[in-house]
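Notes follow once the structure below has been shown.
Chain letters run A, B, ... following the sequence lines, proteins first and then strands; every chain starts at 1.
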Protein chains: 2
Amino acid sequence: MPHNHEAILNHVKADMPADEVLQDLGDLFKIFGDTTRIKIMYALHEDEMCVCAIAELLNMTQSAISHQLKVLKAANLVASRRDGKTIYYRLSDDHVKSIIAQGYDHLTE
Amino acid sequence: MPHNHEAILNHVKADMPADEVLQDLGDLFKIFGDTTRIKIMYALHEDEMCVCAIAELLNMTQSAISHQLKVLKAANLVASRRDGKTIYYRLSDDHVKSIIAQGYDHLTE
DNA sequence: TTGTCATATGAACAATTGCTCATATGTTCA
DNA sequence: TGAACATATGAGCAATTGTTCATATGACAA
């Protein structure tokens, strides 16, 4: 007979958030799981930047950056403002910085 | 003439970590970017569990769980110990908890 | 050894994803 | 209005990824 997990399962189940929450958590981290997006967020760490400046910094296409900024914006990780033809992006809150900092800690522990 | 970014680019470049670090950061978060792995880490939040208990908890194949545990272990996010035929997995450090907690904060702010 | 339980692993397939290219939208200025 | 600049967007393609299935490894007991 395979061994029994009833006790631990009941205990853990009681502490697990709803499936939907865990799904949302995964979706959020998925966004951090791409080097280009990490670079963009890091670039915005101190100051806002326009799209073409980010593209130049990362040596990538304006289109590629724009696509990624859309993803970041949809997740509320960046915000933007328009000034004439130019659109400036910035981090939308401090969670971005703390999440990246925690990841960095894990890597360099 | 397109507008000039020299000043901001020089400033930001000075603050950017090496490409390799940013790549590693992305790779780390990529691991958090999957619901199954998030669930596994959450399940191990309080106590160690054996592979088949995790599989039963998540209602998934033993094989699928084993594959994911391998990924988590390679990233130093979980550790394991053997007790007879059974192998128990646990979180390997507290960064896992804090990273998940930060993500949770962002979602529920 | 043989059988059984617990776990690991490799190949294969479907689904997702990030970039490119072409083009569209929106703003400013002449 | 027309031209130029800044950004956004849709389709398509190559690469990555998570699961399944079959099977291998490892431990224990008879």
Side-chain angles (χ1 to χ4, degrees), chain A residues 1-5 8-9 19 22-23 25-41 43-44 48-75 77-90, chain B residues 1-5 8-9 22-23 26-41 43-44 48-75 77-90:
Chain A
M1 170 177 50
H3 69 273
N4 184 292
H5 319 112
I8 178 97
L9 286 190
D19 255 49
L22 296 167
Q23 175 79 50
L25 259 179
D27 289 345
L28 174 65
F29 285 119
K30 201 169 291 175
I31 295 174
F32 284 82
D34 174 76
T35 308
T36 300
R37 289 191 292 264
I38 287 279
K39 285 181 181 175
I40 292 175
M41 290 187 275
L44 302 179
E48 63 179 15
M49 289 179 77
C50 64
V51 179
C52 58
I54 300 174
E56 193 178 337
L57 174 70
L58 304 192
N59 199 31
M60 291 180 63
T61 305
Q62 173 268 321
S63 176
I65 300 299
S66 193
H67 277 295
Q68 297 298 13
L69 284 170
K70 188 178 187 177
V71 173
L72 291 170
K73 193 168 187 180
L77 296 170
V78 303
S80 62
R81 72 178 177 87
R82 175 183 282 277
D83 178 16
K85 286 175 286 189
T86 307
I87 298 187
Y88 291 95
Y89 281 85
R90 63 180 181 280
Chain B
M1 169 178 50
H3 70 273
N4 184 293
H5 320 111
I8 178 97
L9 286 190
L22 297 167
Q23 176 79 49
D27 290 345
L28 174 64
F29 285 120
K30 200 168 292 174
I31 295 174
F32 284 81
D34 174 76
T35 309
T36 300
R37 288 191 292 263
I38 287 278
K39 285 181 180 176
I40 292 175
M41 290 187 275
L44 302 180
E48 63 179 15
M49 289 179 76
C50 65
V51 179
C52 59
I54 300 174
E56 193 177 338
L57 174 70
L58 304 192
N59 199 31
M60 290 181 64
T61 305
Q62 173 269 321
S63 176
I65 300 299
S66 193
H67 277 296
Q68 297 298 13
L69 284 169
K70 188 178 186 176
V71 173
L72 291 170
K73 193 167 186 180
L77 295 169
V78 303
S80 63
R81 72 178 177 88
R82 174 183 283 277
D83 178 17
K85 285 176 285 190
T86 307
I87 298 186
Y88 292 94
Y89 281 85
R90 62 180 181 282

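Partners of Ala55(B) according to the side-chain contact (heavy atoms from CB on, under 4.5 Å) rule, which considers only residues two or more places apart in sequence or in another chain, are Ile65(B). Every residue meeting the side-chain contact (heavy atoms from CB on, under 4.5 Å) condition with Lys73(B), not counting sequence neighbours, appears here in chain and number order: Val78(B), Ser80(B), Tyr89(B). Scanning for side chain to side chain donor-acceptor pair (under 3.5 Å) contacts around Asp19(A) gives Lys39(B), with sequence neighbours left out. Residues satisfying the side-chain contact (heavy atoms from CB on, under 4.5 Å) test with Cys52(B), not counting sequence neighbours, are His3(A), His5(A), Cys50(B). For Gln68(A), the side-chain contact (heavy atoms from CB on, under 4.5 Å) criterion is met by Asp34(A), Thr36(A), Arg37(A), Ile40(A), Val71(A), not counting sequence neighbours. Arg82(B) meets the salt bridge (charged side-chain N to carboxylate O under 4.0 Å, His left out) test with no other residue; sequence neighbours excluded. Taking the salt bridge (charged side-chain N to carboxylate O under 4.0 Å, His left out) definition, one finds that Glu56(B) meets it with nothing, sequence neighbours left out. Listed by chain and residue number, nothing satisfies the salt bridge (charged side-chain N to carboxylate O under 4.0 Å, His left out) test with Asp83(B) (two or more places apart in sequence, or in another chain).
Here Tyr89(A) lies in heavy-atom contact (under 4.0 Å) with sugar-phosphate atoms only.
Here the P atom of nucleotide dT17(C) and the CZ atom of Phe29(B) are 18 Å apart, to the nearest Å.
When all heavy atoms are compared, the tightest approach of Leu9(B) to Ala53(A) is CD2-O, 3.5 Å.
Near DNA chain C, defined here as any heavy-atom distance below 4.0 Å, the residues from residues 32-41 of chain A are Asp34(A), Thr36(A), Arg37(A), listed numerically.
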Distances under 3.5 Å between nitrogen or oxygen atoms of protein and nucleotides 25-30 of chain C:
none

Could you go through nucleotides 20-24 of chain D and list every protein N or O atom that sits under 3.5 Å from one of its N or O atoms, giving the distance for each pair?
residue: dT20(D); atom: OP2; partner: Thr61(B); partner atom: OG1; Å: 3.0
residue: dT20(D); atom: O4; partner: His67(B); partner atom: NE2; Å: 3.4
residue: dC21(D); atom: N4; partner: Ser63(B); partner atom: OG; Å: 2.7

For this session: Taking Watson-Crick and G-U wobble pairs with both distances under 3.5 Å, convert DNA chain D into its dot-bracket string, 5' to 3', dots for unpaired and | for cross-strand pairs.
Result: ||||||||||||||||||||||||||||||
